[in-house]
Amino acid sequence: MISSLAFHPNLTPRQVIESGAFGGCYFGYPIEGAVDYDYETLFNYHFEGLDRELYLSNRYKPKLNKWKIRSGMDYRYWKDMGWMHKDDPYGWFEWWCKYDMGRRGDDDRRQIARWHDFCGIKGRWRNNIYSRIASIGDWQASPRIQQSLLHWGYEINKGDYLEWSMNKEKSW
C-alpha cells in the first residue's frame, strides 16, 4: 500500500547520521529474531565513506550525538510498546532508510503518520521547540527536543519558524 501522506524530512538519513544521532549505535545493537535483509546494501547506499562507529557501535555514546546528550528510548521500550514492524526490526529510522531507497510497503502510512505527529507542520515536538524558541529567544533551546527531532530527519530552521509564527498569529 502506497501512502498518500506527504513525507518531506528536511534532512536525509545520511545527514542525520553525519550530524550525530542515536549515540552512534542505531544498527549496532543486537535485535531479537532472525533478520532476512542485506544491511550492507542499505549501509552502502546511505552511509558509504562514513565511519561505521557513527551507526554500528554496540554501545550508546551521547558524545557522538549532535547535542551531546542521551535522547530517545531504548530498543526494549519500543519493542514492548509494539511499535516495531516485522520488516524493520530496528524501527523508524530503518523504515525511513528503506523508504528513501524506494521501498514501499504496508507500514508506510503508519510511519509517515508518526513522522507527521512528531515533526510535521502540526507535529507536537516541532511546535513545542518553536514555542520554546519564541518564549526565550534562544535557538539553542531544549537540546533534548532538538536531538529527538534530528532522529526524525528534522532540523529547526528560520523559514519554518517564521511559518510557525505566522500560523500562530492567525490562530489568535
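What you see below is based on every heavy atom in this structure, not just the backbone, and it leaves out hydrogens, waters and symmetry mates.
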Okay, side chain of [X], backbone of [Y]: is any donor-acceptor separation there less than 3.5 Å?
X	Y	answer
R110	W83	yes
E155	N10	no
Q147	W67	yes
H46	T12	no
W115	W152	yes
N44	E40	yes
E94	F27	no
N65	G23	yes
D108	G105	yes

Are the ring centres of [X] and [Y] closer than 6.0 Å?
X	Y	result
W78	Y75	no
F93	H151	no
Y55	F43	yes
Y154	W125	no
W95	F7	yes
Y90	Y39	yes

Working to the nearest 0.5 angstrom, can you tell me the gap between [X] [atom1] and [Y] [atom2]?
X	Y	atom1	atom2	result
I17	D51	CD1	CG	11.5 Å
I136	S131	CD1	OG	10.0 Å
I129	I156	CD1	CD1	5.5 Å
L54	Y26	CG	OH	15.5 Å

Under the salt bridge (charged side-chain N to carboxylate O under 4.0 Å, His left out) rule, what pairs show up with a residue in residues 10-26, not counting sequence neighbours?
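Those involving residues 10-26 are R14-E18.
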
Sequence neighbours excluded, every pair satisfying salt bridge (charged side-chain N to carboxylate O under 4.0 Å, His left out) that has a member inside residues 113-130
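The answer is R126-D160.
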
Specify the closest pair of heavy atoms between [X] and [Y], including all atoms of both residues, with the distance to one decimal.
X	Y	result
S57	C25	O-CB, 3.1 Å
F47	L42	CE1-CD2, 4.0 Å
C119	L149	CB-CD2, 3.5 Å
D87	D106	OD2-OD1, 4.2 Å
E53	K61	OE1-NZ, 2.8 Å
V16	G153	CG2-CA, 3.8 Å

The test is side-chain contact (heavy atoms from CB on, under 4.5 Å); show your working for Y60 and R70 and say whether it passes.
CA-CA 8 Å; Y60 190 97; R70 183 173 291 277; 3.2 Å; yes

Going hydrophobic residue to hydrophobic residue with side-chain gaps under 4.5 angstrom, can you get from [X] over to [Y]?
X	Y	result
L11	L50	yes
M73	F22	yes
I31	W96	yes
Y29	M81	no
I121	W164	no

With salt bridge (charged side-chain N to carboxylate O under 4.0 Å, His left out) as the criterion, how do K98 and D107 come out once you've worked through the C-alpha distance, each side chain's angles and the decisive distance to 0.1 Å?
CA-CA 12 Å; K98 292 174 180 175; D107 200 32; over 6 Å; no

Cation over ring, K168 on Y130, under 6.0 Å and within 45°?
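Geometry flag: not set, cation outside 6.0 Å or 45°.
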
Taking the side chain as everything from C-beta on, heavy atoms only, tell me whether F118 gets closer than 4.5 Å to S148.
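In contact.
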
